[in-house]
**Student:** 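Structure in C-alpha cells, see below.
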Amino acid sequence: MEFAGASSLQHLQALSNLLSTQQEDGDDEDCKNINACARLGPGQVGPPPKTDKEVSTAYVKKNSKDIWSEEEVAEGCQYEDDNDPRPQPEYEIILKQSVGTEDIFLGLNGKDPSSMCCESMLVKIKLPDTKATDVVLDVKEKFLDLRTLKYKLGLHLPHPIHSHEGKAQFFSEREELEVTLLIKRPMDFINMP
C-alpha cells in the first residue's frame with residue numbers, strides 16, 4: 001500500500017510542476033515562451049497598436065467657416081417642417097419593369113420578378129379636393145416633395161432616380177397624381193441598355 005501511495009504522491013508532484021506558472025532556472029527556452037503566452041490576455045491579441053496618429057480624411061473640413069458640408073446633409077431634410085399642420089396624403093409606390101414575350105416565355109434577357117430588374121417607379125398620390133393647378137412638385141435624386149394647399153408629402157424614395165427624366169399626370173376624376181420616375185441603375189448583365 002505504501003508503494004501505491006508513494007507513486008500517487010510522485011504523480012501529484014509532477015502534475016503540480018506542470019501546472020505551476022513559476023519559472024525555474026532549469027527550464028528551457030520553449031517553456032519560457034509557453035509561460036509568456038499563458039499570461040497574454042484579450043488586449044494582446046492582434047497587431048500592436050500604432051503610435052503615430054492617423055488623420056481620417058472622411059471628416060476633414062475644407063478651409064471655410066461652414067459647420068458642415070453639403071455631402072453630410074441628408075437630401076430632403078430641408079423640406080421637413082414640424083410646425084406645418086397639413087396632413088400627409090395617401091400614396092403608393094409601384095416598381096415597374098418592361099417585359100416582352102422573350103422575357104416571359106423564353107427568359108432570354110435574364111430578367112426576373114425582383115426589384116433589381118425594374119426600370120421605373122410609379123408613385124400614386126391621392127389628393128382629394130385638389131386641382132392640378134394647386135400641385136407643386138419637386139423631384140430630386142432620392143427625394144420627392146409635393147405641396148398643395150391641403151396636403152404636404154416629403155417622400156424619401158427607395159431607389160435613386162433620374163430627376164430630369166420623369167413625368168407626372170393628374171387624374172381629376174380619381175383625384176390622384178401619378179408620378180413616373182426612371183430608376184438609376186448600375187450597368188450590369190441584367191440592366192443592359
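This structure is a prediction, so every number in the text was calculated from the model and none was measured.
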**Student:** Would you say Y91 and L146 are hydrophobically clustered, going by side-chain heavy atoms of ILVMFWY under 4.5 Å?
**Tutor:**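 Yes: a chain of side-chain contacts under 4.5 Å links Y91 to L146.
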**Student:** Are L127 and I93 joined in one hydrophobic group, where the rule is that I, L, V, M, F, W and Y side chains link up if heavy atoms are under 4.5 Å apart?
**Tutor:**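 Result: yes, single cluster for both.
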**Student:** Nearest heavy-atom pair of P128 and E175: which atoms, and what distance?
**Tutor:**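 Of all heavy-atom pairs spanning P128 and E175, the closest is CA-OE1, 3.4 Å.
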**Student:** Going through the distances and angles, do F143 and L155 end up as a side-chain contact (heavy atoms from CB on, under 4.5 Å)?
**Tutor:** CA-CA 6 Å; F143 191 77; L155 180 62; 5.7 Å; no
**Student:** State, yes or no, whether a side-chain contact exists between E90 and I125 at a heavy-atom distance under 4.5 Å.
**Tutor:**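 Counting from C-beta outward, E90 and I125 never come under 4.5 Å.
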**Student:** Closest heavy-atom contact between R86 and Y151?
**Tutor:**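 So the two residues come closest at NH1-O, 3.8 Å.
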**Student:** Using the rule that Ile, Leu, Val, Met, Phe, Trp and Tyr join whenever any side-chain heavy atoms are under 4.5 Å apart, tell me whether L177 and L95 fall into a single cluster.
**Tutor:**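 In one cluster with L177: L95, yes.
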**Student:** Tell me, do D145 and L137 make a side-chain contact under 4.5 Å, heavy atoms counted?
**Tutor:**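 Answer no - side chains too far apart.
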**Student:** Does E119 reach the side chain of I183, with side-chain heavy atoms less than 4.5 Å apart?
**Tutor:**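 No. Closest side-chain heavy atoms not under 4.5 Å.
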**Student:** Give a yes or no on whether a salt bridge exists between K124 and E92, defined as a side-chain N under 4.0 angstrom from a carboxylate O.
**Tutor:**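 So K124 does not pair with E92 through a salt bridge.
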**Student:** Please report the shortest heavy-atom distance between L157 and E141, naming the atom on each side.
**Tutor:**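 Looking at all heavy atoms of both residues, the shortest contact is CD1-O, 4.3 Å.
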**Student:** Specify the closest pair of heavy atoms between K140 and I161, including all atoms of both residues, with the distance to one decimal.
**Tutor:**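 Answer, listing the atom of K140 first, then I161: O-CD1, 3.3 Å.
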**Student:** If you round to the nearest 0.5 Å, how far is NZ of K142 from NZ of K184?
**Tutor:**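 If we round to the nearest 0.5 Å, K184:NZ and K142:NZ are 9.0 Å apart.
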**Student:** Could you go through L149 and T130, starting from their C-alpha distance and side-chain angles, then the distance that decides it, and tell me whether this counts as side-chain contact (heavy atoms from CB on, under 4.5 Å)?
**Tutor:** CA-CA 8 Å; L149 297 175; T130 304; over 6 Å; no
**Student:** After noting the C-alpha distance and the side-chain angles of K150 and D129, does the key distance pass the side-chain contact (heavy atoms from CB on, under 4.5 Å) rule?
**Tutor:** CA-CA 8 Å; K150 296 183 179 184; D129 303 325; 3.3 Å; yes
**Student:** Under a 4.5 Å cut-off applied to non-hydrogen side-chain atoms, are K167 and T180 in contact?
**Tutor:**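 In contact.
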**Student:** Mind running side-chain contact (heavy atoms from CB on, under 4.5 Å) on S120 and K96 for me, showing each step along the way?
**Tutor:** CA-CA 5 Å; S120 62; K96 297 170 58 176; 3.5 Å; yes
**Student:** So with a 6.0 Å cut-off around NZ of K131, is the heavy-atom count from everything else above 12?
**Tutor:**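 No, not enclosed.
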**Student:** For F170 and A132, work out which heavy atoms get closest and say how close.
**Tutor:**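 Smallest heavy-atom distance, with atoms named: CD2-CB, 3.6 Å.
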**Student:** Could you tell me whether the side chain of T148 reaches within less than 4.5 Å of the side chain of V136, counting heavy atoms only?
**Tutor:**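 Side-chain contact under 4.5 Å: no.
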**Student:** If you round to the nearest 0.5 Å, how far is CG of L182 from SG of C118?
**Tutor:**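 Between atom SG of C118 and atom CG of L182 there are 12.0 Å.
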